[in-house]
Amino acid sequence: MSRAHALPTPPEAGESVRPLTISERARAAAVPADHRPATDYLSGLNAEQRQAVETTEGPVLVLAGAGTGKTRVLTTRIAHLIATGLAWPSGILAVTFTNKAAREMKERVAHLVGPAGEGMPWLGTFHAIGTKILRRHAELVGLRSDFTILGVDDQLRLLKQVITAENIDEKRWPARQLASFIDGWKNRGLTPKDVPPGEAAAFANGRGTGLYQAYQDRLKTLNAVDFGDLLLECLRLWRENPDVLEQYQQRFRYMLVDEYQDTNVAQYLWLRLLAQARKNVCCVGDDDQSIYGWRGAEVDNILRFDHDFPGAVVIRLERNYRSTAHILSAASGLIAKNKDRLGKTLRTDDEPGERVSVTGAWDSEEEARQIGEEIEALHSRKENLSEVAVLVRISAQMREIEDRFVTLGLPYRVIGGPRFYERAEIRDALAYLRATAQPADDLAFERIVNTPKRGLGDAAVALLHAHARRARVPLMQAARYLVESDEMKPAPRRSLRSLMAQFDRWRTAMEKTPHHELAQTILEESGYTDMWAKEKSADAQGRLENLKELVRSMEEFPDLPAFLEHISLVMDANEDGDQERVSLMTLHAAKGLEFETVFLPGWEEGLFPSQRALDENGRAGLEEERRLAHVGLTRAKRRAHIYFASNRRIHGLWNATIPSRFIDELPEENVEVREAPAAYSGRTASRFEGMTPFASSYQTPGWQRAQARAAEAARDPDNDWRGGGGFSENGSGFAGPFQAGRRGPGGRGRPSPQLIEGEVLAKSTGSPSPYEIGARVLHLKFGPGTVAAIDGNKLTVDFDKAGRKMVLDSFVDANG
């Protein structure tokens, strides 16, 4: 752009922001055509979209239903403000919820308005903009401008220090639980003095507020903030410094907020303070897609918008450009059952398309089989697998579906997290099982030796590795030697001895205990499930559900080795980055995405809607679950397939389930029922009552075993049958002996212990030690000493400075 046509230089930071003059607006309009938006940038908008773009003055709420062009409206509105000279790019505040959305919006605005819109300094996430403001005024809130933003790990370490300093048992009152409380308080804009006494009493017998204050004081000492502070400190800055607030109120001539239904209380208060002066605020959102209440989002923020901003214009975007008429009608009929909503009806000019299908399955394994076969059929018709998605309510549902995909050779990816067998808790559990069945598996043993924490840190593991390398034995065998010596300090030695005793006990139990029951025992006795039970993070419950699903899945295999072999094959299914793949994710992770075909398994009472949501939040919980169902349906462009099972394993026990109430709430004219169980006890009003039973024959090996055990239980009243697969008679699955390394360190020629059927035989080989009583030796840690006694490869040494210790001869050298 030439200087003759350049717009006046925007004000620098800190300067007052004046309105554009008439001549400046004229100069803006005189920008050469190649640097201005295309003259038809409004022409592609429908009437409601255009109204949302051109209604620039005063408060505006744009209710944008799924697939109605929300992002286009936002970016075109920004372009319109700049193109008409109503505001400088630096005078527009545009807030998004993700960095990805912010980048996309910047690119679209730049495409629309060219160089004039490239500088959007106030377009970003709430936290990014809060950080920018705090750095400019850090001293007013007791910080320096170079303050540090703590991540989760650093925050937890600091909270542990605060808890310890107050002489509180961190095991009884874990730092992660306190972090969850503090995060919730900050999301609601509560400083320590604002926390209600009843809530403060929930942690450490009423000491929650004091710990919160101590944590905040410690942050100030470190010149640091956490993510919650980025908005909370902004609120404090503006409340305590009205002149600073006024500066920003005048700077931002226009404000836009994306995904307004997902704002929490702190974000709501932050925006209200800014918008009180000019009131040129445009919030775009969909009350029917508010699904993040569990992380602090308040759907009431969007429901009361016209109360907060009297005279607000409410514009409804109801023309959907994504889905077919049947899908939209089904989704609209379902969400209409919610009472707390502003109301809108999605419509489309597209063809009616296929009806939403509802399919019943005998159990979740058949459900996974049916989904797999349906996707295979789509693929055979040359449908792109990347346009297919399976959306589950909880991640524990993924395991059977993933297994089915692996069996069929269907490539897939998990969105929003790792695949089931790649999740940290599943890898840990598998490591315990591998170390039990295969004691020479060093990678498995090292992974869990200090998980949960046992005081066996890096130093202890390094010592294990050192001896294992010298003696050429597995880590577990090295551990057996070390617990009988003085190489380790007493506390870690006791922990290691206890762990070895547990592995011995579990390995013995392999011969007589069903492998799925043994897995449950291992996870409980090791303290692993208890570790997650005490975890207060948002995903802890999901991890426990995943562990239960892992144990449940083992029943389909004859023994532990067979199960571990299956896992190895599953884990070996590598992903090709360029390959078409089915997307598998939770319903929460699917928001904002779209696919040609969507599969929705698990629509059963207790699972979806979630019983936990109903118990904790009553009607509000039910309505959020219904919004989640609405989100799931509206991800589909052409096909939506709903599934439910009549039997599902929940918390390790088989349960007869009934179809979700959401299925009965779907408009019948938009639904095709494919097949369903003949009867559901207690569900007399269900439309599925009296329908033809399943035509399919379900004869999988797992179900046949269940039937056989049920029959056996019927014959033997004393038999306590809980379902599941059997186990092999030999229990071990090992073919025979395996001879480990042949020579010890230093060419001493001592053979290493044998590994026979997976068991390490911790016994002396009988070979004489190269040392004699009275020999002088040198130990790297204890220094020089004299051999006082010999027991196989264990030496009792009188060290010159450290006193008498028992050590392994592989750790000493001759000291001539």
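Just so it is clear, the structure is predicted and the values come from calculations on it, not from any experiment. Values reported hereafter were calculated over all heavy atoms of this structure, with side chains retained and with hydrogens, waters and symmetry mates removed.
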Problem set entry | Among H588, E625, Q261, side chain to side chain contact (heavy atoms under 4.5 Å, CB included) partner for I291 |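 The single option meeting the side chain to side chain contact (heavy atoms under 4.5 Å, CB included) with I291 is H588.
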For this session: Identify which one of D286, L61, T263 satisfies the side chain to side chain contact (heavy atoms under 4.5 Å, CB included) criterion when paired with I302.
Result: L61
Seminar exercise, completed: Rounded to the nearest 0.5 angstrom, the CG-CG distance for L274 and L269 is 11.5 Å
Can you tell me if [X] uses its side chain to pair, donor with acceptor, with the backbone of [Y] under 3.5 Å?
X    : Y    : result
R207 : E166 : yes
R316 : G343 : yes
R635 : L593 : yes

Exercise. Are R188 and Y268 in a cation-pi setup, meaning NZ or CZ lies under 6.0 angstrom from the ring centre and within 45 degrees of the ring axis?
Worked result: no
Exercise. For F252, is the NZ or CZ atom of R278 found under 6.0 angstrom from the centre of its six-membered ring and inside 45 degrees of the ring axis?
Worked result: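 No, a cation-pi geometry is absent between R278 and F252.
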Seminar exercise, completed: Looking only at heavy atoms, the pair that brings D262 and S290 closest together is OD1-CA, 4.2 Å
Exercise. W238 vs Y248 aromatic rings, parallel, tilted or perpendicular, using cut-offs 30° and 60°?
Worked result: tilted
Exercise. In terms of the angle between their ring planes, are Y212 and W185 parallel, tilted or perpendicular, with boundaries placed at 30° and 60°?
Worked result: parallel
For this session: Flag the pair D153 and R157 as a salt bridge only when some basic side-chain nitrogen lies within less than 4.0 angstrom of an acidic carboxylate oxygen.
Result: no
Exercise. Do M398 and R423 have side chains that get closer than 4.5 Å, going by heavy atoms?
Worked result: yes
For this session: May I ask you to test the V257-T96 pair for a side-chain heavy-atom distance under 4.5 Å?
Result: no
Problem set entry | No-hydrogen, no-angle side-chain donor-acceptor test under 3.5 Å, D243 and Q247 | no
